[in-house]
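Structure first, commentary second.
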Amino acid sequence: MELIITEKDNAARRIAEILSEGSAEAERRNGVNVYRWGDKRVVGLSGHVVGVDFPPEYNDWRDVQPVELIDADITKSPTKENIVQTLRELSRRADEAVIATDYDREGELIGKEAYEIIDDETDVPIKRVRFSSITEREVRDAFANPDDLDFDLAAAGEARQVIDLIWGAALTRFLSLSARQLGDDFISVGRVQSPTLKLIVDREREIEAFDPEDYWELFADLLKDGDGFEAQYFYDDDGSEAERVWDEEAANEAFERLQEASAATVTQVRRRTRTDNPPDPFNTTAFISAAGSLGYSAQRAMSIAEELYTAGYMTYPRTDNTVYPDDLDPEELLDAFTGTTFDEEAASLLEQDDIEPTEGDDETTDHPPIHPTGELPNRSELDEDEWEIFELVVRRFFATVAEPATWEHLRVVAEANDCQLKANGKRLVEPGYHDVYPYSSASENHVPDVEEGEDLVIDDVELEAKQTQPPRRYGQSRLIEKMESLGLGTKATRHNTIEKLYDRGYIEQDPPRPTTLAKAVVEAAEEFADLIVSEEMTAELEEDMAAIASGEATLDDVTDESREMLEKVFDALHESREEVGDHLQESLKADRTLGPCPECGEDLLIRKSRHGSHFVGCDGFPDCRYTLPLPSKGEPTVIDEKCEEHDLKHVKLLAGRDTFTHGCPQCRADEADESEDEVIGDCPECGEEDGGELAIKQLRSGSRLVGCTRYPDCEYSLPLPRRGDIEIEDERCAEHDLPELTVHNGDEPWELGCPICNYEEYQARQSVDDLVDLDGLGERTAEKLADVEVETLQDLQRVDADEVATDVQGVSADQIREWQAQLGAEAAD
DNA sequence: GCAAGGTC
């Protein structure tokens, strides 16, 4: 039997399809797809299936000195047991194995991981095939000319693993221990995350240090035969054109001269035609950036792309490549769009004389640039966001095969009372690719045809006082572009790194700004471990890896040298351990500080109770026991806005898409204390027996609810929205005998209706959402399941799989068992 | 529980 191993299931399926000419069949083994035909088997891994770590005796952070990690053994162990198990089983029956992982460094290492697992079971020959894209020709070619695994290249990847682990773990533990942060809130550093964080911190430092400067700009509205346009004053500044006037007196003088002038004489007219080339094919970074300008975070864009890829609508979203492979036939792909929503665009592109796609500078071997596969989803299959991203990818492909646009630029210079004025007109002559790619700006600026010597009427003159602006914060996509240019991270990890910085409490909001903790971490690293916050570390590692790959150095040469450097870092760190720890702790406190306690004047802080919930408490505890409650939902963070009345900073609750601002916790508590409960009916739980009534209540934590007046003896409650005025209507719900409620918040009033009915509907919706989170369970399947009263995760878990499979069309018992296994696994976690 | 890199 010949065993073929790929990096992922998707690649396994496609290679099996090509080599078997479509006859391959899939079977499940330990939850892993194995594609089979004749005596061939293809199995896809899931990236790395083994990981590096320290032996278990190093697990306890308090028992081990971080410095000991430098010389600790490093072990490799399976991280995907079921896949490793499947690979072992198949190996025993194989008499030949072929590694067909991705054609890049990490792919070679993943291939070596598979190699060692196979080699452990059998002595059969193990070959390696390499192809730049999974197409019939390339794959057949590669399999006809198998090669050997490149152990040097794999060793280069291993050096990275070792160095990242040692530096990351040792320094993370050191900082966390020194600041006594051992729980979930440990303080992490790493080769990629820390230089990325430093980029953000450095930019914030520039902003904080920025000293704005005053300047003035002057504008004049000019008229030609009633046709108006704006021109800007400029002057000659040592041979170059300048618009900003730095001296107020000079600005006023120019303003007066322009006001006195009745006309401006055209002294120069220059016309230029400019070609505006269509964009290059999408790599991951360019895709994230384009999605970013549509309002998607990097993380969100990638997760949608992931789904579209798995569903078969677009190619692999993680790629550095910006050159389409030879075998991508643009005409054929355009053809796939005729007769679809994109019919018009496809037809017009097909009409072009020749169709030659654009090319970027980066050509890599692992995957093609991101493009649509030609398979089209039904509009209803995708939600709005997914469709928008899909359309972006389709239109980007269109743009890369479209004609350039041409612009006509018209520059006019006029003189008035010794003042120079200029206007730059821009007109789109040939829209070219803009017709199919409406995302990039194609805005025109109208300047009429004028001739030299012509007099123009000056209609209005304006003097604008301005100030220089600090540099702008990096947005997520700018940051990813910057990381790419510095070689930080990879196409598959950059967006995760940014997400990690949010999770670690290092950055907040979007565009991200650093917390006080982040500044302290970067400062500490700059002082004692400069390499870990510098992009140099990656650059040097890249060089070392290249040396290993070419055989000029060995894995041990490189890792030993790195260990020595880290030893030196620790020598310096140990001496300053307390100083570093104190500074980190102060910063952590600063990030949680709201302002003065009204009872004792010490700081009020966001604190965590023993049960894990957050509240506002006084730093003077236990002498001062003043507290304020916080909403139970989300992760509280302190924001810049401040309550003038209580001198307390506002609190915001981070909960992904449900993020909301709580404001001043003292104000919220005061409002609740002042508000009266409003009775709306009888409590369904204890009304008959004990006379409990339902009332609309405002809690000190800022939330509102409909709850029983006998609380805490009766805990019956229904949730209400946090914001808006609640109006109690005259109509009553026939079923529950409660009034209908309307919430007034902004423009459209929300008719919430009977609070019990509303809550029941909400719960039903929630359970559908939960179900849809399972792999391969779409909204439609969820609806079908709901028809047979499988509405919640709990329902799904206890049903008889065979029974449901017979009742629900299109869902197999195996599939249901898999979902149940998935739920079991989650519960076990 | 630490990193970064794969992938879902």
Side-chain angles (χ1 to χ4, degrees), chain A residues 6-12 31-33 44-54 56 58-64 66 68-70 72 74 79-80 82-83 101-102 104-114 154 156-177 181-197 302-311 316-319 366-367 483 487-497 499-501 503-504 532 537-538 541 545 562 566 773-777 818 822 825:
Chain A
T6 68
E7 190 154 322
K8 45 191 161 278
D9 174 61
N10 231 293
V32 183
N33 286 333
L45 308 177
S46 182
H48 289 286
V49 290
V50 298
V52 290
D53 209 345
F54 301 109
Y58 291 87
N59 279 354
D60 193 326
W61 291 30
R62 274 159 303 205
D63 272 4
V64 180
E68 291 177 52
L69 295 176
I70 301 178
I74 289 181
T79 50
K80 308 271 162 60
N82 59 332
I83 298 179
T101 46
D102 290 356
D104 57 18
R105 186 176 59 223
E106 234 30 66
E108 209 69 18
L109 177 52
I110 291 165
K112 192 196 162 194
E113 291 163 11
E158 288 177 293
R160 179 199 58 69
Q161 286 185 318
V162 170
I163 290 169
D164 282 344
L165 175 65
I166 296 178
W167 281 74
L171 288 171
T172 294
R173 285 196 194 183
F174 181 89
L175 293 184
S176 303
L177 282 163
Q181 288 287 305
L182 291 189
D184 298 333
D185 303 321
F186 59 87
I187 296 173
S188 71
V189 282
R191 176 180 55 85
V192 175
Q193 60 165 288
S194 299
T196 305
L197 186 58
M302 282 309 285
S303 93
I304 294 176
E306 187 79 46
E307 277 166 41
L308 293 171
Y309 157 69
T310 324
Y316 194 63
R318 295 184 275 267
T319 176
D366 50 353
H367 299 282
M483 290 172 78
L488 294 174
T490 73
K491 71 227 169 184
T493 59
R494 288 184 196 112
H495 60 281
N496 292 337
T497 299
E499 210 55 26
K500 184 181 280 178
L501 296 179
D503 288 347
R504 296 277 193 269
I532 202 76
M537 181 161 177
T538 295
L541 180 60
M545 284 196 286
S562 183
L566 188 54
D773 275 345
L774 292 169
D775 292 339
L777 208 166
E818 210 161 289
Q822 202 180 325

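Remember, it's a predicted structure, so these values are computed and weren't measured experimentally. Reminder, nothing fancy here: chain letters follow the sequence lines and each chain counts from 1. Atom set for the values below is all heavy atoms of this structure, side chains included, hydrogens, waters and symmetry mates excluded.
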Determine whether A:R173 and A:V64 make a side-chain contact, defined as any pair of heavy atoms from C-beta on separated by less than 4.5 Å.
-> yes
Expected string for nucleotides 2-7 of chain B under the B/S/- scheme (protein heavy atoms, under 4.0 Å, primed atoms plus P, OP1, OP2 as sugar-phosphate) is BBBBBB
salt_bridge(A:K8, A:D102) N-O dist < 4.0 Å | yes
Exceeds 12 heavy-atom contacts within 6.0 angstrom, atom CG of A:D60 | yes
Please assess A:K491 against A:D104 for the test salt bridge (Lys or Arg N to Asp or Glu O under 4.0 Å), listing each intermediate value before the final yes or no.
-> CA-CA 12 Å; A:K491 71 227 169 184; A:D104 57 18; 3.7 Å; yes
Side chains of A:S188 and A:Q193, donor plus acceptor under 3.5 Å | yes
